[in-house]
Amino acid sequence: MTDSTSAVAPPESFRGAVWAQFRKHKGAVFGLIVLGLLIVFSVIGPLVWNPEKLTVVEALKSKNLGPSLTHPMGTDQLGRDQMQRMMAAGKVSLAVGFVAMIIAIFLGTLIGVLAGYFKRLDGPLMRLTDMFLALPLIPLLLVMVMLFRDDLSRAMGPEMGAFVLIVFAIGVTSWMHAARIVRGEVLALKEREYVLASRSIGATPRRVILRHILPNVVSPVMVAATLGVAEAIITESVLSFLGLGFPPDFPTWGRLLFEGLEYMQLYPERVIFPGLAISLTVLSVNYIGDGLRDALDPRIRGR
Amino acid sequence: MLTFTLRRLLLAIPTLLLISLVIFLLVDLAPGSPASEIPLTVPPEVRMKILEALGVNEPLHIRYLLWLKQFFWVEPLNGFDAIFGTNYAEGMQRIISYQSRSPVFPLIGERLPQTLTVIGTAYLVGVLIALPIGIYSAYKQYSLFDQFGTMFAMIGFSVPTFFTGTLFIIIFAVWLGWFPTKYDTTLEVTDWDSFLTQLRQMAMPVMVLGLANAAAISRYMRSSMLENMSQDYVRTARAKGMDERTVVLKHVLRNSLIPVVTVIALGIPSIFGGAIITENLFGVNGIGSALIQAIRGNDLPMVQTLAFIFAILIVAFNLIADLLYGMLDPRIRYD
């Protein structure tokens, strides 16, 4: 039958198809909205919500207040507005998550492509990956932060030093899954005819990888990347929670939670708000990853 | 199978050696050297003697080899001596903690039971929660129960244990007052009352860790069940007129447990990592809190030993998971 009057939908672009499938996943849409709100809260929030600087007397008076109209999330033990701190902390937490993910994905893709494409490198690189997977990560991260914090903060200032150290430490210890996924994909793609064709006309490995292989591993890498953001945010907050993350005047959500622990029995909101923010971010990122996986899978899409 | 086991065991040795080197170098580059702890009033020649006694002024590779020898030869010998009352290890230098100036291994041995009771129970509880949830949500796929199960798993994945832990403390200890906020390590179980106290103080850490693990395991159980439910042998069993109970609990469950068992084995090392957080939160005096204390106190030998023990656990359980898979699944052959 070549009758094409009604049932056949117009051919859509790849992006359109992915987006249509993504929208069908309720959790993913919920995740996208919540993550968007959290980003707006921490990036645009400080521009709107900017309480005046307090004098010493005012700060003393406004210590440990509960949530109210002037301070929607209360104040802390020094009289600082908790919502303003939450916004500042959110910016750092999200930045850590995204930057650490970019490092991890870059390393993972690089090692995965090298291991998958060049047979000689496969063995050593995969042994390296196995070794990294067997490292006890949380203890090692704690040790790394402890050892290098002082040196780096002397070199770059306490804030930048802590940020660079933590982001780098998390990135360097979480590329393994991405590398394995990419290697598997590359091993399969390498045998395809178009790669053979490209090689037979004399394309260098560099060109084959950049033109033909990398564009085809984008989908699994994107899914790994979203899940990587969630993992990085959790790891950072674990470090801060154990008191070995960012310095106190440069808060992250994990750090706020850690500081609130002391006052938990009297002011539980000081633990609940940062904890909720971390959990919501991770939850929504995980849901987005779930939706992306479905949307990018051609076997599921279009059904 | 035997050759595979041997090959994997042999491969584990260079991996562990490399990891030990990484851990040793990383910790050894620490700026908080034991030399900085010696007061400045101590004359330089005495200071040199102290450093010599601590063994920290030797070249790097000698210290590394010495540490390896202590870890793999001297300490096991000491353990052997302690058990059988012999004295083979007499006069050998042991790994000494900077904080307590006593050997590291007995210190860890003191802590280990606390960790194992809490973590072991937590993992057991987690598995016991996860399996029925996984089985039932696969059996009733897309039902309300399944959707709740999915949501529970997603939340379990996403909410970090330190937040569930604090929430539990606020709700169950502060507001409701059911459980104590801190774990009392000195409590000894002698009679029924102290047993109940022990149960009450274990409840929160066990639930926090257990729920976090249950989330992941229940998902694996579900997908593994689903895979098997559509197999031909299930239809055959039903066609023979077997009742649903036998079909699901005998035929499907047995086959679906194979991958889940390996996932359970693979999860054991990571639960030790999770223990670091819960132990600090609830004040359980186990090896996780020992690690944090050692890091805070710049106790290098303790940190090195504990981190390496964590690494050995990971490698060992990866190996166990691989071997289990081969043993349980007759379709897998490593030849």
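Values below: all heavy atoms of this structure, side chains included; hydrogens, waters and symmetry mates excluded. Small disclaimer: the values here were computed from a predicted structure and weren't measured. Numbers restart at 1 for each chain; the letters A, B, ... are given by sequence-line order, proteins then strands.
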Can you tell me how far the [atom1] atom of [X] sits from the [atom2] atom of [Y], to the nearest 0.5 Å?
X	Y	atom1	atom2	result
B:T166	A:I272	OG1	CD1	8.5 Å
B:L291	A:L142	CG	CG	6.5 Å
A:L283	B:M154	CG	CE	6.5 Å

Which of [options] touches chain B most, by non-hydrogen pairs under 4.5 Å:
options	value
A:D130, A:V238, A:L133, A:I233	A:V238
A:D290, A:L242, A:I138, A:L261	A:L242
A:A134, A:S284, A:G27, A:P268	A:A134
A:P139, A:A230, A:G260	A:P139

| request: Could you look at A:Y287 and say if it's the side chain, the backbone, both or neither that has a heavy atom under 4.5 Å from chain B? | output: both
| message | Given heavy-atom pairs under 4.5 angstrom as the criterion, report whether the side chain, backbone, both or neither of A:L244 touches chain B. | response | side chain
Can you say whether [X] sits under 4.5 Å from chain A via the side chain, the backbone, both, or neither, judging by heavy atoms?
X	value
B:V159	both
B:I295	both
B:I309	neither

| task | Let me see the working for B:V22 and A:M131 under side-chain contact (heavy atoms from CB on, under 4.5 Å), right down to the final yes or no. | result | CA-CA 10 Å; B:V22 169; A:M131 197 203 88; 3.9 Å; yes
| query | More than 12 foreign heavy atoms under 6.0 Å from OH of B:Y220: is that the case here? | reply | no
| query | Do any of residues 274-281 of chain A come closer than 4.5 Å to chain B, heavy atom to heavy atom, and if so which ones, in number order? | reply | A:G275, A:L276, A:I278, A:S279
| request: Applying side chain to side chain donor-acceptor pair (under 3.5 Å), name anything that partners A:S240, two or more places apart in sequence or on another chain. | output: A:E236, A:T252
Contacts table for residues 164-173 of chain A: side-chain donor-acceptor under 3.5 angstrom, sequence neighbours left out:
| from | atom 1 | to | atom 2 | distance (Å) |
| --- | --- | --- | --- | --- |
| A:T173 | OG1 | A:A169 | O | 2.8 |
| A:T173 | OG1 | A:I170 | O | 3.2 |

| request: Please list, chain by chain and in numerical order, all residues satisfying ring-ring contact (aromatic ring centres under 6.0 Å, His included) with A:F98, sequence neighbours excluded. | output: none
| query | Does any non-hydrogen side-chain atom of B:V303 lie less than 4.5 Å from one of A:V143? | reply | yes
